[in-house]
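Scroll down for the structure; my scribbles are underneath it.
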Number of protein chains: 2
Amino acid sequence: MAEPHELRQRGLRLTPQRELVLSAVRELGHATPEEVAERVRQSHPGINLSTVYRNLETLENVGLVQHTHLGHGGATYHAAEELTHLHLVCGTCGSVGDAPIEVAANFVNSLADDYGFKTDVTHFAVYGTCADCARDDI
Amino acid sequence: MAEPHELRQRGLRLTPQRELVLSAVRELGHATPEEVAERVRQSHPGINLSTVYRNLETLENVGLVQHTHLGHGGATYHAAEELTHLHLVCGTCGSVGDAPIEVAANFVNSLADDYGFKTDVTHFAVYGTCADCARDDI
DNA sequence: CTTGAAGGTGCGAACATCTCGCAATTAGCG
DNA sequence: CGCTAATTGCGAGATGTTCGCACCTTCAAG
């Protein structure tokens, strides 16, 4: 039973770079393209940044990874399987916390009912002040 | 009665560039730094982009304007008075809709109660698919 | 009204990110 | 094995934003 590789299943060629980019994203959890490249270089030093960008895009197109905006400008990538939480970004200390998507369920439903807007809560972070910073009142 | 200018009240010097940047932000609603610069150039052609960036930052520090991330990478600026709505960004057509912040009230309260996280819902857009695109199912 | 110090502006260079074109390489079908 | 199209590496280029520095303005003090 020739169980085809998950990349081949999606019509992609199986290149070492591609596999490494995918596993880097999986290992890193949240990662910028730069961080992915750095991780990949541990086992494949010659990989080019362009290749990382292109593979992230390709992998996103076939649904294996997704990107999220955590602020500033750059996107960060996740394995698609892990997108089960939303991101709480603290504007004071910069920390990124997680919360289950369920906390947004009512909000999402309201937007759907009132505006017909289908929300993907994981795509943008939720911005604010984390508990620690709010307490310290820096 | 010498009502001091709003900029002077906040300890800022009154320069033509500064005033123009502020009024451009007010007139434009949502605007990228580039758009602000373009608007300002209508009455003050020589203004430098750096000056726009610096003034946006300065005005933000004193609370007259705020920036929001609507996606991609760049920030967009608002007059602080107008930040009474959240932004619904459609990933399909790119449109930016508004919704009153009240729709997020429960969500914000949940995050505060369960995580101690004080949310600023206006800072990041809410990403998803707008009613039109969802209907067309493009 | 003058004047000096601090703040602000313009300009160009430097970055940081990300995209693209192109030639060389490689996966995978037949 | 041999071909073709997909993929990679590389360098150049497009953006978007920041920074240093010399010159210019604001404004308060005299």
Side-chain angles (χ1 to χ4, degrees), chain A residues 2-25 30-41 43-62 64-65 67-77 94, chain B residues 2-25 30-41 43-62 64-65 67-77 94:
Chain A
E3 187 71 37
H5 188 285
E6 63 181 327
L7 292 176
R8 307 238 45 232
Q9 277 181 42
R10 324 238 171 180
L12 300 180
R13 284 205 190 164
L14 206 52
T15 67
Q17 292 90 333
R18 193 107 87 195
E19 289 187 87
L20 288 165
V21 167
L22 179 55
S23 45
V25 170
H30 299 155
T32 63
E34 199 66 52
E35 290 164 345
V36 170
E38 200 178 314
R39 184 80 177 75
V40 171
R41 280 198 262 267
S43 51
H44 188 106
I47 196 170
N48 194 280
L49 239 199
S50 309
T51 301
V52 173
Y53 275 101
R54 285 185 289 224
N55 276 324
L56 287 171
E57 189 185 334
T58 303
L59 292 171
E60 185 156 30
N61 286 337
V62 298
L64 287 170
V65 308
H67 76 271
T68 300
H69 294 279
L70 257 36
H72 42 288
T76 66
Y77 286 82
Chain B
E3 188 69 40
H5 189 285
E6 63 181 330
L7 291 175
R8 306 239 43 231
Q9 277 181 43
R10 325 239 171 181
L12 300 180
R13 288 207 187 158
L14 206 52
T15 67
Q17 291 90 336
R18 193 106 87 196
E19 290 187 85
L20 288 166
V21 167
L22 179 54
S23 46
V25 170
H30 299 154
T32 63
E34 199 66 53
E35 290 164 344
V36 171
E38 200 178 314
R39 185 79 177 75
V40 171
R41 279 198 262 265
S43 51
H44 187 107
I47 197 169
N48 195 279
L49 237 198
S50 309
T51 301
V52 173
Y53 275 101
R54 286 185 290 223
N55 277 323
L56 288 171
E57 191 185 333
T58 303
L59 293 171
E60 184 155 30
N61 286 338
V62 299
L64 287 170
V65 308
H67 75 271
T68 300
H69 294 280
L70 256 37
H72 44 288
T76 66
Y77 286 82

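Quick note: numbers below take in every heavy atom, side chains included, and nothing from hydrogens, waters or symmetry partners. By convention in this document, chain letters (A, B, ...) are assigned in the order of the sequence lines, proteins followed by strands, and residues within each chain are numbered from 1.
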Legend entry - Touch class at under 4.0 angstrom, heavy-atom based, for Ser50(B) against every strand present: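 Base: the residue Ser50(B), judged by heavy atoms under 4.0 Å, touches a nucleobase.
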Inset, instruction - Could you tell me whether Leu49(A) contacts a base, only the sugar-phosphate backbone, or nothing, with contacts defined as non-hydrogen atoms closer than 4.0 Å? - result: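 If one applies the 4.0 Å heavy-atom cut-off, Leu49(A) turns out to touch nothing in the nucleic acid.
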What nucleotide, of [options], holds the atom closest to the side chain of [X]?
X: Arg54(A); options: dG8(C), dG9(D), dT19(C); result: dG9(D)
X: Tyr53(A); options: dT9(C), dT8(D), dT17(C); result: dT17(C)
X: Gln17(A); options: dG9(D), dA27(C), dG7(C); result: dG9(D)

Legend entry - Side-chain H-bond candidate by donor/acceptor type, His30(B) with Glu35(B), under 3.5 Å: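 Their side chains do not contain a donor-acceptor pair, so the 3.5 Å distance test is not met.
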Roughly, in whole Å, what's the span from [atom1] in [X] to [atom2] in [N]?
X: Asn55(B); N: dT9(C); atom1: CG; atom2: C1'; value: 9 Å
X: His44(B); N: dT25(D); atom1: NE2; atom2: P; value: 10 Å
X: Arg13(B); N: dG8(C); atom1: CZ; atom2: P; value: 6 Å
X: Glu38(A); N: dT17(C); atom1: CD; atom2: P; value: 12 Å
X: His5(A); N: dA27(C); atom1: NE2; atom2: P; value: 13 Å
X: Leu14(A); N: dT26(C); atom1: CG; atom2: C1'; value: 12 Å
X: Leu59(B); N: dG8(C); atom1: CG; atom2: P; value: 10 Å
X: Leu7(B); N: dG7(C); atom1: CG; atom2: P; value: 16 Å

Inset, instruction - With DNA chain D as reference, determine whether Pro16(A) or Glu34(B) sits nearer its 5' end, using the nearest nucleotide of each. - result: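 Comparing both residues, the 5'-ward one is Pro16(A).
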Inset, instruction - Using the closest heavy atom to pick a nucleotide of DNA chain D for each, name whichever of Leu12(A) or Leu12(B) lands nearer the 5' end. - result: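 Closest to the 5' end, via its nearest nucleotide, is Leu12(A).
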Legend entry - Polar side-chain atom of Thr58(B) near backbone of Arg54(B) as donor-acceptor pair, under 3.5 Å: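 Between the backbone of Arg54(B) and the side chain of Thr58(B) there is a qualifying donor-acceptor contact (under 3.5 Å).
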Given side chains that start at C-beta, do those of [X] and [Y] come closer than 4.5 Å, heavy atoms only?
X: Leu64(B); Y: Val25(B); value: no
X: His69(B); Y: His69(A); value: no
X: Leu70(B); Y: Thr68(B); value: yes

Inset, instruction - Output yes when at least one side-chain N/O atom of Thr15(A) is less than 4.0 Å from OP1 or OP2 of dA6(D), else no. - result: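 No, no such contact exists.
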Legend entry - Contact under 4.0 Å: Asn48(A) side-chain N or O vs dG11(D) OP1/OP2: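 Checking Asn48(A) against dG11(D): no side-chain N or O falls below 4.0 Å of OP1 or OP2.
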